[in-house]
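Both ligands and their constituent atoms are indexed starting at 1 by order of listing.
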Amino acid sequence: MQKLSAGLKQEGRKIGFIPTMGYLHEGHISLVNKSKSENDVTVTSIYVNPTQFGQNEDYGKYPRDFDRDNSILEKAGCDILFYPEDSAIYPAGYQTYINVQEITKVLEGEFRPGHFTGVATIVNILFNIVKPDRAYFGQKDAQQCAVIQQMTLDLKLDVEIRVMPIVRERDGLAMSSRNKYLNEKERKDALDLFRALSMAKGLIENGERNTELIEKKMMEILKSVDSSAPDYTRIVNSRSFDREQELREGVSYYLLIACRIGATRLIDNFLLTVN
Ligand code: AMP
């Protein structure tokens, strides 16, 4: 892959890159399509990165189906599928990790200690292998995008980070490989994340500016179903990820939710500007 990318670059071809953990859905494909429209060559990687999973998380059972993913990417017209083995990414003796500091201390960083170290490390490794001109990420993982943007800025990486909107099911549930874990009842309950976010958006549109009150109301919706165990409902400044007591006009915020539905941990968010 490194040689292939070096050759493409020598020919002056622009490389677009979509890092994924596979079990692809339309969210991933929207990134592939965007890359195809902006670059000469599109590379998608599939790698379930062990270093971003906590001890008690779902690394072992994360859904994997190479043949399914391969044919989805072929249909989508992705040029190159990069599918590395663990021994190529983290060979024996591997010992380098990347820690982005402030922005990883809250939210997902708080509830999944070490997660963003794994993310920043693998993305940096993949960037060095694939050498993309542009890399595509989903707003679904908003804090992950911010961490990668910070790393790219700090380490002077020569990659343009493109953040694309969340693709949802018809009823509003954000697409995720982990939705496969949900049984029929949980699938219905999972819609509460979208409901809570929509309700909060409505409150803000109707003039509510008190962050804590809106967060509490989102939490109440999540707690109203018995299969749910929320980690957080939080509203943060979309640039700094800082929490502000009162929402301010003209400022953009992420409304963020992380919630377990049964045994499945889901995240979702809305990005909005207060008028
Ligand atoms: P994953 O395979 O879950 O690591 O995701 C790979 C990339 O796809 C990440 O940049 C995600 O943010 C993005 N992604 C995941 N779900 C969605 C979605 N529903 N809409 C848009 N992008 C998504």
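Between His25, His28, Glu169, it is His25 that holds the heavy atom closest to atom 17 (C) of ligand 1. The nearest non-hydrogen atom to atom 3 (O) of ligand 1, considering only Tyr62, Phe137, Tyr136, Tyr23, comes from Tyr62. In this comparison of Pro19, Cys145, Pro165, Ala142, the heavy atom closest to atom 6 (C) of ligand 1 sits on Pro19.
Where the criterion is an N or O separation shorter than 3.5 Å, residue side chain and backbone included, Leu31 fails it with respect to ligand 1. Considering backbone and side-chain N/O of Ile166, none are found under 3.5 Å from N/O of ligand 1. Among the atoms of Ala174, none of the N or O lies under 3.5 angstrom from an N or O of ligand 1. By the 3.5 Å distance cut-off applied to N or O atoms, Ser30 is not counted among the residues near ligand 1.
Of the residues listed (Asn237, Asn210, Ile204, Leu272), the one engaging Leu247 in a side-chain contact (heavy atoms from CB on, under 4.5 Å) is Ile204, and it is the only one. Considering Arg168, Arg195, Lys140 as possible partners of Asp268, the one that fulfils the salt bridge (Lys or Arg N to Asp or Glu O under 4.0 Å) test is Arg168.
Checked against a 6.0 Å centroid threshold, the rings of Phe194 and Phe270 count as neighbours. Checked against a 6.0 Å centroid threshold, the rings of Phe241 and Tyr254 count as neighbours.
From the protein, the heavy atom lying nearest to atom 11 (C) of ligand 1 is Asp141 OD2, 3.1 Å. The protein heavy-atom contact nearest to atom 20 (N) of ligand 1 is Val167 N, 2.8 Å. Nearest protein neighbour of atom 22 (N) of ligand 1, counting heavy atoms only, is Gly138 CA, 3.5 Å. With respect to atom 4 (O) of ligand 1, the closest heavy atom belonging to the protein is Met21 CG, 3.6 Å.
Separating the CZ atom in Phe82 from the CZ atom in Phe17 is a distance of 7.5 Å, to the nearest 0.5 Å.
In summary, Arg243 and Glu215 engage in a salt bridge, as defined by a charged side-chain N under 4.0 Å from a carboxylate O.
Using cut-offs of 30° and 60° for the angle between ring planes, the Tyr232 and Phe111 rings count as tilted.
Near Met175, the atoms of ligand 1 lying under 4.0 angstrom from a non-hydrogen atom of the residue are 16 (N), 17 (C), 18 (C), 19 (N).
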Go through Tyr47 and Tyr83 one step at a time and tell me if the ring pair (Phe, Tyr, Trp, His ring centres under 6.0 Å) criterion holds.
CA-CA 6 Å; Tyr47 182 61; Tyr83 184 66; 8.7 Å; no
